[in-house]
Amino acid sequence: MFKRTLIVFIAFALAAIVVLGIVAVSALDTGVEKQARERLSAAAELVRLEMSQGMAGDVATKDSARVFTSSDHMVRLTLIAKDGKVLANTGADPAGLANHLTRPEIASAFATGGSFFDKRYSATLHIYMMYYATYDADPGVVIRSSMPLTELQAEESQLAVRISAVAAVLFLVFLAAGLLSIRKVSRPLVEMKEAATAIAKGRYDLRVHRLLGDRTQIGRLSAAFNAMADRLEASIADLEDKSYRMDAILDAMKAPLFAVDSALDVTFRNAEAKRRFGVEPDEDGSNRLMILYVRSREVEEFVRKVLREGIHGEMEWREEADEGVRIWNVSVSPLAGRDGGAIVVFTDLTEMNRLQRIRSDFAANVTHELSTPLTAIRGFIETLRGGASKDPALTARFLEIIDIEAERLHRLIDDILTLSEIEGGHAAKEPVSFDLNERIDRGVVLLEETAAKRGVRLVAGPPPSEGEPGAENDEPVRLDVRADPDRIGQMLVNLLDNAIKYNRKDGSVWVWAERGRDGRVKLHVKDTGIGIAEEQKSRIFERFYRVDAGRSRETGGTGLGLSIVKHVAMLYKGNVRIESASGEGSEFIVTLDI
Ligand code: ADP
């Protein structure tokens, strides 16, 4: 662009200088001719004057040389008679000169009696000559003056050279000034162009220098450019912020989310979508169809339907996954933008459905568990009313059964309440410091009688390993913990109760606790009982689950004891582990952060 400007500028400057030169030269030309005419007419008129005053005498007889030598040294004077004969002539002898009547200016002067100029190229002298002829009525001759234009022309060409030199200098000055000013203007523009290209490529921090004053157009343009770049940078930063925030929000979502275009190509997936439907896009980074991630024609059809109708829709999708059936709620919202498309959000309902099932199972179980002792109680009351009360021994036996059933009912309600308290989050009281070993001793004392009745030995301490004396002989050691002592006590009693219940005659139960190197407390309850089969290990923590329902019922179990243990452990960021093989006794190890 600037090259073109420069060429135009040079062309204009050249044209101006050339025109100026032509005008000057032609002015010079006319000046030279005018000067020549004046000199010629002055010389001729002088002769005419001299002749009229008789100074020239009879021209025809006088010594013409004298008459004519007083003329301008450049001017040649010639006196011509009517018949064209040269009467007198400066310089050459008139006798040798040809008839002059053929010269146009002379012929015209004789013909009209006036004065004439003529400019001709002299083929003999090879120069331009200027002629002047004037008719003098008395004595009826023509006075002609002539001079070469050469010298004047030499002067003229000298002047022309000077003019050209000046013009050339002027041109160079113009050129330099033009180049400078174009550079001055073009530099910021070029810089602006480069900055704009760089900004377009993402270098939003680029600015142009303020090369010209603030008041110039370019200066203002630079300022406006920088202001625009500022705004652009701020807007882009703002957009990027928003986009990062949006990505962070979407990635923090626990639900897989896809954005698809109208062709169902995935244009965005959040982190959860990548985790749950983890197929990587093509190597060239291009988008893939949603069906390649979510392999369901049913879902695909549904998204198409929403796109067609343009109305938000939801569906339930049962995904046959490796680990079982997953139930998803698929919510599809059409996008209003130019490209259309939709947002597809998957909400995993599997866990919720499972919890719901557990809840309703629990309700059914509770009803069943409560109604069993109640039915028994009512049955025995009816029997007593029906006459059995008359038999004191039978009455006493029935009343005892009623008491046992009522006690079972009581325990059941207690356990249900405890569980719902723990689950409802009201379980943990402000933790207090207490000695866990002292709690263990208390538990042992509490259940000693029950154990004795079953012929089970209850020991506070670990079983004696080979070569080591039994821990029961050790000095009492404190194990300080911070927790809710009632909950820990309850857990302990539940575990000890089971260890006694599911033990064999003459069996043993050991209970002890220790703080591990990781700072966590491990509570061990080990028995010599019937043991737990591998496949039962996870199930026995379920509510109301019993391996042997008859034995549990017989021993007065509620089926909730281990559920409570698990929940208390969870309350203290812990877990329960079982080491057992069927028939070889079991060891429950509860790890607690207390
Ligand atoms: P229950 O009231 O029936 O004891 P729990 O929840 O305490 O209910 O225990 C669930 C089931 O786990 C029991 O019915 C029993 O089959 C099994 N179980 C619990 N503790 C032991 C143990 N120490 N040895 C063998 N089986 C056990």
Side-chain angles (χ1 to χ4, degrees), residues 1-2 4-5 182-290 292-294 303 306-307 310-313 331-347:
M1 174 192 154
F2 294 112
R4 217 185 317 145
T5 317
I182 281 178
R183 244 177 81 85
K184 211 171 167 193
V185 172
S186 69
R187 236 173 76 190
L189 289 180
V190 168
E191 199 188 323
M192 247 181 268
K193 191 186 108 192
E194 280 164 3
T197 316
I199 287 174
K201 284 184 184 153
R203 292 267 333 262
Y204 301 115
D205 57 330
L206 267 192
R207 298 292 179 273
V208 292
H209 295 104
R210 304 279 287 277
L211 290 175
L212 296 174
D214 282 350
R215 294 237 220 98
T216 61
Q217 293 288 352
I218 296 284
R220 279 192 218 133
L221 189 62
S222 314
F225 182 92
N226 283 346
M228 184 196 72
D230 284 348
R231 290 274 310 265
L232 194 68
E233 191 182 6
S235 308
I236 298 274
D238 197 34
L239 273 178
E240 274 175 355
D241 270 2
K242 278 188 183 145
S243 152
Y244 286 143
R245 218 175 309 145
M246 187 63 88
D247 282 359
I249 291 169
L250 293 175
D251 280 346
M253 270 174 69
K254 279 284 149 252
L257 178 146
F258 289 90
V260 294
D261 61 15
S262 49
L264 259 62
D265 253 348
V266 173
T267 53
F268 175 83
R269 300 181 293 159
N270 71 351
E272 191 62 9
K274 286 177 193 155
R275 200 174 70 79
R276 299 296 279 269
F277 302 102
V279 188
E280 283 311 305
D282 283 344
E283 266 176 22
D284 62 357
S286 64
N287 296 321
R288 278 165 161 252
L289 286 173
M290 200 179 98
L292 295 171
Y293 300 102
V294 183
V303 178
V306 168
L307 284 178
I311 308 163
H312 169 90
S331 156
V332 188
S333 308
L335 282 174
R338 199 159 29 102
D339 302 330
I343 297 288
V344 188
V345 184
F346 293 80
T347 315

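What you see is a predicted model; the values in this text were computed from it and never measured.
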Give the intermediate values and the outcome of side-chain contact (heavy atoms from CB on, under 4.5 Å) for residues M290 and V266. CA-CA 6 Å; M290 200 179 98; V266 173; 3.9 Å; yes
Stepwise salt bridge (charged side-chain N to carboxylate O under 4.0 Å, His left out) test for R203 and D205: CA-CA 6 Å; R203 292 267 333 262; D205 57 330; 3.5 Å; yes
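In terms of modelled atom types and a separation under 3.5 Å, the side chain of S243 and the main chain of L239 share no donor-acceptor contact. For the pair H312 (side chain) and P334 (backbone), a donor-acceptor distance under 3.5 Å is absent. Using modelled atom types, no side-chain atom of D230 and backbone atom of R207 make a donor-acceptor pair closer than 3.5 Å. Not one N or O on the side chain of N270 forms a donor-acceptor pair closer than 3.5 Å with the backbone of A252. The main-chain N or O of V345 is never found under 3.5 Å from a side-chain atom of S331 such that the two would form a donor-acceptor pair.
Atoms CG and CZ, from D251 and R275 in turn, are 12.0 Å apart once rounded to the nearest 0.5 Å. Atom CD1 in I236 sits 12.0 Å away from atom CG in D241 (nearest 0.5 Å). Here L232 contributes atom CG and N226 contributes atom CG; the two are 12.0 Å apart, rounded to the nearest 0.5 Å.
The side chain to side chain contact (heavy atoms under 4.5 Å, CB included) test applied to A224 returns no partner, not counting sequence neighbours. Residues forming a side chain to side chain contact (heavy atoms under 4.5 Å, CB included) with M246 (at least two apart in sequence, or on another chain): L250.
Exactly one of R276, K274, R269 qualifies for a salt bridge (charged side-chain N to carboxylate O under 4.0 Å, His left out) with E272. That residue is R276.
In terms of heavy atoms, A195 sits closest to V208 at CB-CG1, 3.7 Å. Closest of all the heavy-atom pairs between A198 and L206 is CB-CD1, 3.2 Å. What you find for A342 and V332 is that their closest heavy atoms are CB-CG1, 3.9 Å.
The side-chain heavy atoms of I199 and F225, taken from C-beta on, include a pair separated by under 4.5 Å. You'll find the side chain of L257 reaches within 4.5 Å of the side chain of F268, heavy atoms only. Annotation: side chain of V344 is not in contact with side chain of V306 (no heavy-atom distance under 4.5 Å).
By the 30° and 60° cut-offs, the orientation of the rings of F258 relative to Y293 is tilted.
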